[in-house]
Each structure stands twice: as C-alpha cells, then as structure tokens.
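Every chain is numbered from 1, with letters handed out A, B, ... down the list of sequences.
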Amino acid sequence: MSEQGSIFSRETLVATMPNLRAFAISLCGDEHTANDLVQETLLKAWANGDKFENGTNLKAWLFTILRNSYFSKLRGTRREVNDEDGAAAAQLSTHPEQHGHMDMQDFLQALAELSADQREALLLVGAEGFSYEEAAEICGCAVGTIKSRVNRARSRLAELMNVTALDEFGAPKASHSAL
Amino acid sequence: MSLPHQIGDGEEAPGARVEKLMGKEETNISDETGPELDSKIRLRLGKQLSAFYGELVKDPVPEQFIQLLDELSRKEKSQ
C-alpha cells in the first residue's frame, strides 16, 4: 500500500469533512463558496499527500490548506470588489428552521462583520477547539497575534450580538418588575 | 500553490479546549493581547458560538464530496 493511501484513506477524509465544511462556511459566509473551498482543499491535499508527515495532525493540515486558499482568493477579489472581507453578502442556503431555535443567519452576519483575521482566529480557537499554538501554526503567525485576534473578535462579536451579562434569557432582571 | 507548513500533534481533546477557552474556566488568561471580556459574557458568547458551529457540523456532508473522495481513491488504486 502506498504511504499516501494509508494517510488519506477515504474514511479519514470523510471524517474531517463536517468540520472542514463548518469552518469554511463560517469563514467565507456562504455555502456555495464554502463548498468550492472544501473541494479545492481536498484536491490539493490529495495532490500533495506526499508532503504530509504521517503522525502529525491531519485536521490542522487540511485547515491550513483551506485557510490559505481562502486568503489568497480574498487578496484577489479585494482588487475587484469593494467588499471589505468578501463576506458582506453572507448567507446560508439552508433554511433557518433547519437549525433549531438559534438564528444561524444572524450569527453568520455578525461573524462577517469581523475582520477576516479575527474571524479566522475565533473560529479556530473558540469553535473548532484548536490550541492557540496550533491556530498560530495554521495561520502562520505568532501565538500572541492569535490571542489578540481572538480577544478582539470576542469583544466585537459580543457587541454585535448584543451579548450582555444578564440573566439566562438575555433580559435585564429589572425589566420584569417594571412591567 | 502555497503549501501548508507542517503541524505538530494535537494533544488535547477539542471539546475540552472549547470549554476552557470559551469561558468555563473562571481564571483570566489576560495578557497584553487585547481587551478581555467579562467572564459571563464570554461564557454566553461561547455557548452561542458552539451552538452555531455545532449546527453547521451536524449538516450532512454533500454527496459531491463523497463522490470526489471515491473517485480519488479509485484513481489511486488503479495506479
């Protein structure tokens, strides 16, 4: 069996697909572009399988390929389109009701308001659960830069989502007595 | 094409990290890296982010990717 085959078994890649796709959608803001990114990532991963070191983190490697593709596209489109981070027209083609009570669209829109760097850092660390060190490797930057981006992303997102330290349902306790 | 650099081993379960980093840990990781949120806000935001992301992860993998992977596997085997 070839070395590549042992690493990139169909099953291994299929297992990472849900996370890779969730990251792509949250990063670029729409499902269609995300699917293109995921497809490109799979093809690049397969073509460069010999460069992957067996025993290292395959998921992190795939995420690195995907974010590199995203950011090189972003640099390309920025010249043509007056769209700050390419995600202004964020949308999900799935219907919100498919996703329970949570307003997915609102959250996606709020993410799109962040700078691409901040959005990426928050998703890797806060949503995907990579360590700061892993995220720094994926993004090719310093650990301190990742920490700073995550903190800024959290602050901005809290503002955008109007998240406050109130009771469980988000209403100030005082408002109940005022009614 | 830009190739990713090599990545070290992941050593901790992702779930554990999500909880730790999204505020279930009360101790502050504050350093000179930007504003720190109130821990309750962080916790709430973390829950929202996890809920949002969790829904996306639950989506079924589109058939196009399964087909692509099958095709790649077949090509490799025939080589």
Without swapping roles, check the side chain of Tyr53(B) against the backbone of Phe23(A) for a donor-acceptor pair under 3.5 Å. yes
With a 4.5 angstrom heavy-atom cut-off, is it the side chain or the backbone of Val57(B) that approaches chain A, or both, or neither? both
Atom OG in Ser73(B), atom CD in Glu11(A): separation rounded to 0.5 Å? 7.5 Å
A side-chain contact here means heavy atoms from C-beta on lying under 4.5 Å apart; do Arg10(A) and Leu72(B) qualify? no
Taking every heavy-atom pair that is under 4.5 Å apart, which of Asn35(A), Val14(A), Asn19(A) has the most such pairs with chain B? Asn35(A)
At a 4.5 Å cut-off on heavy atoms, which part of Leu123(A) comes close to chain B: side chain, backbone, both, or neither? side chain
Please classify the contact between Leu68(B) and chain A as side chain, backbone, both or neither, with a heavy-atom cut-off of under 4.5 Å. side chain
How long is the gap from CD on Gln48(B) to CG on Asp103(A), to the nearest 0.5 Å? 10.5 Å
Working for side chain to side chain contact (heavy atoms under 4.5 Å, CB included), residues Leu13(A) and Phe65(B): CA-CA 10 Å; Leu13(A) 284 177; Phe65(B) 297 124; over 6 Å; no
For Val150(A), which atoms come within 4.5 Å of any heavy atom of chain B: side chain, backbone, both, or neither? neither
Taking the side chain as C-beta and beyond, is there a heavy-atom pair between Asp59(B) and Pro18(A) under 4.5 Å? no
What distance do Leu43(A) atom CG and Glu71(B) atom CD have between them, rounded to the nearest 0.5 Å? 9.0 Å
For Leu45(B) and Arg154(A), work out which heavy atoms get closest and say how close. CD2-O, 3.3 Å
Any Arg21(A) side-chain heavy atom under 4.5 Å of Pro62(B) side chain: yes
So which atom in Gly126(A) and which in Leu49(B) form the shortest heavy-atom distance, rounded to 0.1 Å? C-CD2, 3.8 Å
Between chain A and each of Asp70(B), Val61(B), Ile66(B), count heavy-atom pairs under 4.5 Å; write down the option with the most. Asp70(B)
